[in-house]
Amino acid sequence: VPSKEGKMYIKALFDYDPYEDKAIPCKEAGLSFKKGDILQIMSQDDATWWQAKHEGDANPRAGLIPSKHFQERRFALRRPEVLVQPLKVSNRKSSGFRRSFRLSRKDKKTNKSMYECKKSDQYDTADVPTYEEVSPYRRQNNEKYRLVVLVGPVGVGLNELKRKLLISDTQHYGVTVPHTTRARRSQESDGVEYIFISKHLFETDVQNNKFIEYGEYKNNYYGTSIDSVRSVLAKNKVCLLDVQPHTVKHLRTLEFKPFVIFIKPPSIERLRETRRNAKIISSRDDQGTAKPFTEEDFQEMIKSAQIMESQYGHLFDKIIVNDDLAVAYNELKATFDKLETDTYWVPVSWLH
Ligand code: 5GP
């Protein structure tokens, strides 16, 4: 169904090179594109090969691209196994809730693939990202702010970046208050550090899908509710949320219009140089104490980032490499400033 002005646009969620495609009838007629490119659909008359051109391209000649249906079928046949596994709650970074994302290692002695394939709700076989129909969107002044989701591997510096942004303008930025079932400590107040609720209520809320994510730690539950995001947005603040990347697809609604930023580590050489004196709460440490980075932490961070990018890269609106913290912060700040005024391509389903 063509969108406004009779034009239909799609966002490519994978890379395509017709010269690598054995099925295309004529390679010269193909249109190559990269993940994230916006394409204008010129014809969908053929069930297998659509005609498209790059958005804004003045050249009227269209090229062939695989149709959604055809590409989905091909992807389903050679779908890589999913390598992620959720972790139990074990540590806490200085602000907000922890992000529990870890690679699961196989027994090193078996010399098999280092990463185990886990069947879990993280693995959604129906998920074969090909194209998404999009339309231009610009936030109106009277509209709520878009939810900003930050994702990245443990130790990449996401929490520092988030904290810097928060303190730069506490009137403008906000974070969610998590729920917990543990007892309130004397210096804590309800609704500030946590929203304290009973186990029974927590379990009911889980059943009713009220949580974006939750975990268990020392016999208590902790979690972030959807309503806690709503309450930040209702204060007319930009809500900063950091979650595991697999939760992002559940947040991609008309209500939140999430803008997803991936904080990516630099090369391992730069990690060694820039994090020499820094500390990490390692995902391998159940005590959650901060210790100097080890070589294994760097390797785990890089590997975890690669997996995140290959599995969820199609959901990222912006990638910021955190090499030098000050540079990354400036880039983040600039991204936020533009978000409030620029036009973005968003799923058509967010617009009506
Ligand atoms: P504490 O009880 O000492 O405040 O926190 C214990 C643990 O709960 C910490 O390791 C922290 O990371 C975790 N935690 C706090 N909030 C959340 C949350 O919203 N979700 C999850 N999954 N864990 C949380």
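Remember, it's 1-based here, ligands and their atoms both numbered in the order they're listed.
- Considering backbone and side-chain N/O of Tyr214, none are found under 3.5 Å from N/O of ligand 1.
- A cation-pi geometry, defined here as NZ or CZ lying under 6.0 Å from the six-membered ring centre and within 45° of its normal, does not hold between Lys27 and Tyr19.
- Under a 4.0 Å criterion applied to the non-hydrogen atoms of Pro178, ligand 1 contributes the atoms 16 (N), 19 (O).
- Contacts between Arg182 and ligand 1 below 4.0 angstrom, taking non-hydrogen atoms only, involve the side chain exclusively.
- No more than 12 heavy-atom neighbours from other residues, nucleotides or ligands sit within 6.0 angstrom of CZ on Arg138.
- For Tyr217, every heavy-atom contact with ligand 1 shorter than 4.0 Å involves the side chain, none the backbone.
- Closest approach of Ile24 and Tyr16 over heavy atoms only: CD1-OH, 3.6 Å.
- Checking only distances, Thr224 does come within under 3.5 Å of ligand 1, N or O to N or O.
- Close approach of ligand 1 to Gly223 is summarised as follows: ligand atoms under 4.0 Å from at least one heavy atom of the residue are 18 (C), 19 (O), 20 (N).
- Between Lys279 and Asp297 there is no salt bridge, since no side-chain nitrogen of the basic residue lies less than 4.0 Å from a carboxylate oxygen of the acidic one.
- The residues Lys34 and Asp37 are annotated as not salt-bridged, no charged nitrogen and carboxylate oxygen being separated by less than 4.0 angstrom.
- Contacts between Glu213 and ligand 1, counted as non-hydrogen atom pairs separated by less than 4.0 Å, involve the side chain only.
- Under the 6.0 Å cut-off for aromatic ring centres, Tyr9 and Trp345 qualify, their centroids lying closer than that.
- Counting heavy atoms closer than 4.0 Å to ligand 1, residue Arg185 contributes side-chain atoms (C-beta onward) but none from N, CA, C or O.
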